[in-house]
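Fair warning: this is a prediction, and the values are worked out from it, not measured in the lab. Quick note: numbers below take in every heavy atom, side chains included, and nothing from hydrogens, waters or symmetry partners. Here is the naming used below: chain letters follow the sequence lines, and residue numbers restart at 1 for every chain.
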There are 2 protein chains.
Amino acid sequence: MRDYYTITELTREFGISTRTLRFYEDEGLIHPLRRGRTRLFRPSDRVLVRQIMRGKRLGFSISEIRQIIQMYKEPPGEVGQLKMMLTRIEEKRGDLRQKRRDLEETLAELDQAEESCLERLAELGVTT
Amino acid sequence: MRDYYTITELTREFGISTRTLRFYEDEGLIHPLRRGRTRLFRPSDRVLVRQIMRGKRLGFSISEIRQIIQMYKEPPGEVGQLKMMLTRIEEKRGDLRQKRRDLEETLAELDQAEESCLERLAELGVTT
DNA sequence: CGAATAATTGACTTTTACGTAAACGCCGTG
DNA sequence: CACGGCGTTTACGTAAAAGTCAATTATTCG
């Protein structure tokens with residue numbers, strides 16, 4: 001486990017640009033350290049970037065991703081806030097469950113589409 | 001099963017605007033019939049809209065959704081095209097499987113976050 | 001030391017996915 | 001018949017999420 005990553009190491013690892021990482025910093029999603037002006041990314045920043053990329057692939061917006069990331073952080077000290085957080089966690093879970101249904105349905109339809117193609121190929125006398 | 005739906009019926013059902021439906025038509029995702037200039041949406045158009053909304057929730061772009069919709073259509077007649085289609089189906093399946101992994105991981109982390117919150121609440125002597 | 005390499009900031013641009021507004025057509029109803 | 005409601009087209013606007021470019025500053029390596 002390395003101490004620090006440079007910005008370009010992370011861009012290569014995740015296939016994104018430096019501009020994108022700076023953008024995420026501007027948006028308050030990550031907070032890399034600085035040596036002078038140069039950013040130093042800790043392993044924990046790297047984990048955050050991984051979570052951001054996951055969120056992006058799932059079609060969450062930056063602000064939704066921000067919300068999700070908040071949930072992973074140390075839970076707050078106040079009871080009201082804790083209960084709020086539990087509510088929001090449940091909401092996000094709802095989103096994700098919807099996405100999962102969407103996903104399974106889409107996969108099923110792709111299976112069907114594939115079968116149609118294979119049938120059609122068989123009709124044409126092509127052995128797959 | 002109705003013959004036709006008006007544009008506003010579909011906007012209400014799916015919670016989207018007429019602008020959005022016209023946009024999807026411009027983008028070639030749907031092809032409602034016309035009576036004069038007025039659009040008539042068939043049940044099949046409605047199914048397409050449902051698929052579009054699913055795609056959107058999963059974070060697919062319009063052009064990705066277009067590709068997916070192509071796959072649901074009648075398979076083409078030519079062998080080369082059929083094989084291409086099978087390849088693309090496999091690709092999309094890959095995308096979806098990645099999304100599923102992302103989804104499960106995110107759900108797991110939300111579970112963890114929830115547990116932390118509950119623990120913290122317990123420490124504070126709150127009975128949930 | 002000096003050139004090359006890597007990073008930074010800031011401003012401007014682009015793409016996607018619609019929103020919004022203007023101006024008009026069509027149709028049923030009082 | 002005119003008016004309210006729905007629908008249409010055309011055109012311009014906008015927010016999010018970066019991309020691109022320019023000017024500047026470290027850092028490093030020979």
Side-chain angles (χ1 to χ4, degrees), chain A residues 2-42 45-46 48-70 92 95 99 102, chain B residues 2-42 45-46 48-70 92 95 99 102:
Chain A
R2 298 265 309 277
D3 273 10
Y4 297 116
Y5 303 87
T6 71
I7 196 167
T8 33
E9 281 172 342
L10 290 192
T11 64
R12 291 206 184 104
E13 173 169 2
F14 293 105
I16 57 184
S17 68
T18 60
R19 179 72 185 79
T20 301
L21 282 171
R22 283 185 218 114
F23 175 70
Y24 292 154
E25 184 180 3
D26 287 348
E27 290 294 313
L29 300 182
I30 49 181
H31 302 282
L33 295 180
R34 299 287 178 124
R35 180 178 47 205
R37 301 195 312 166
T38 304
R39 291 164 178 83
L40 297 176
F41 292 81
R42 287 156 292 185
D45 293 312
R46 189 159 157 274
L48 276 177
V49 174
R50 188 190 306 285
Q51 289 168 344
I52 294 168
M53 299 316 286
R54 268 205 326 244
K56 287 213 57 187
R57 283 193 297 268
L58 289 173
F60 286 113
S61 72
I62 295 297
S63 74
E64 286 172 318
I65 290 173
R66 193 181 3 249
Q67 287 170 33
I68 295 175
I69 282 180
Q70 299 280 329
K92 283 297 159 198
D95 288 0
K99 281 184 204 287
D102 290 330
Chain B
R2 299 264 309 276
D3 274 10
Y4 297 116
Y5 303 88
T6 71
I7 196 166
T8 32
E9 282 172 341
L10 291 192
T11 63
R12 290 204 185 103
E13 174 169 2
F14 293 104
I16 56 182
S17 69
T18 60
R19 177 73 181 82
T20 301
L21 282 171
R22 289 190 206 107
F23 174 71
Y24 292 157
E25 185 180 1
D26 286 348
E27 291 291 316
L29 300 182
I30 50 180
H31 302 282
L33 295 180
R34 297 288 178 125
R35 182 178 45 208
R37 299 197 312 167
T38 305
R39 290 167 178 81
L40 298 174
F41 292 80
R42 289 157 291 184
D45 292 313
R46 188 157 157 277
L48 275 177
V49 174
R50 187 190 305 287
Q51 289 169 346
I52 294 168
M53 300 316 285
R54 270 206 323 247
K56 285 212 55 184
R57 283 193 297 268
L58 289 173
F60 285 115
S61 72
I62 296 295
S63 75
E64 286 172 319
I65 290 173
R66 193 180 4 248
Q67 289 171 31
I68 294 174
I69 282 180
Q70 298 281 330
K92 282 297 160 199
D95 288 1
K99 281 184 203 291
D102 291 330

Given [N], is OP1 or OP2 found less than 4.0 Å from the side-chain N or O atoms of [X]?
X      : N       : result
T8(B)  : dG7(D)  : yes
T6(A)  : dA7(C)  : yes
K56(A) : dA17(D) : no
S17(B) : dG19(C) : yes
R34(B) : dT9(D)  : yes

### Task
Give the minimum heavy-atom separation between R46(B) and F14(B), together with the two atoms involved.
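Between these two residues, the closest heavy atoms are O-CZ, 3.9 Å.
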With sugar-phosphate meaning primed atoms plus P, OP1 and OP2, does [X] contact a base, only sugar-phosphate, or nothing at under 4.0 Å between heavy atoms?
X      : answer
T18(B) : nothing
R35(B) : nothing
I16(A) : nothing
R39(B) : sugar-phosphate
S63(B) : nothing

In whole Å, what is the span from the [atom1] atom of [X] to the [atom2] atom of [N]?
X      : N       : atom1 : atom2 : value
L40(A) : dA7(C)  : CG    : P     : 11 Å
R19(B) : dT20(C) : CZ    : C1'   : 9 Å
D26(B) : dG19(C) : CG    : C1'   : 14 Å
L10(B) : dC6(D)  : CG    : P     : 16 Å
Y5(A)  : dA7(C)  : OH    : P     : 16 Å
Y24(A) : dG19(D) : OH    : P     : 8 Å
F23(B) : dA17(C) : CZ    : C1'   : 5 Å
I62(B) : dA17(C) : CD1   : P     : 5 Å

### Message
Given dG19(C), dT9(C), dG25(C), identify the nucleotide with an atom nearest to the side chain of R37(A).
### Response
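Taking heavy atoms from C-beta onward, the closest nucleotide is dT9(C).
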### Task
Please lay out, stage by stage, how E25(A) and L21(A) fare under the test side-chain contact (heavy atoms from CB on, under 4.5 Å).
CA-CA 6 Å; E25(A) 184 180 3; L21(A) 282 171; over 6 Å; no
### Query
Does R35(B) CZ have over 12 foreign heavy atoms under 6.0 Å away?
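Result for CZ/R35(B): open.
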### Query
How do S61(A) and T38(A) order along DNA chain D: which one's closest nucleotide is nearer the 5' end?
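Counting from the 5' end, the first nearest nucleotide belongs to S61(A).
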### Message
Assess, by modelled atom type and distance only, whether the side chains of T20(A) and S17(A) contain a donor and an acceptor separated by less than 3.5 Å.
### Response
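The criterion, which ignores hydrogens and geometry beyond distance, is satisfied for S17(A) and T20(A).
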### Message
Tell me whether R39(A) contacts the main-chain N or O of T6(A) through its side chain, where contact means a donor paired with an acceptor under 3.5 Å.
### Response
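No; zero donor-acceptor contacts below 3.5 Å.
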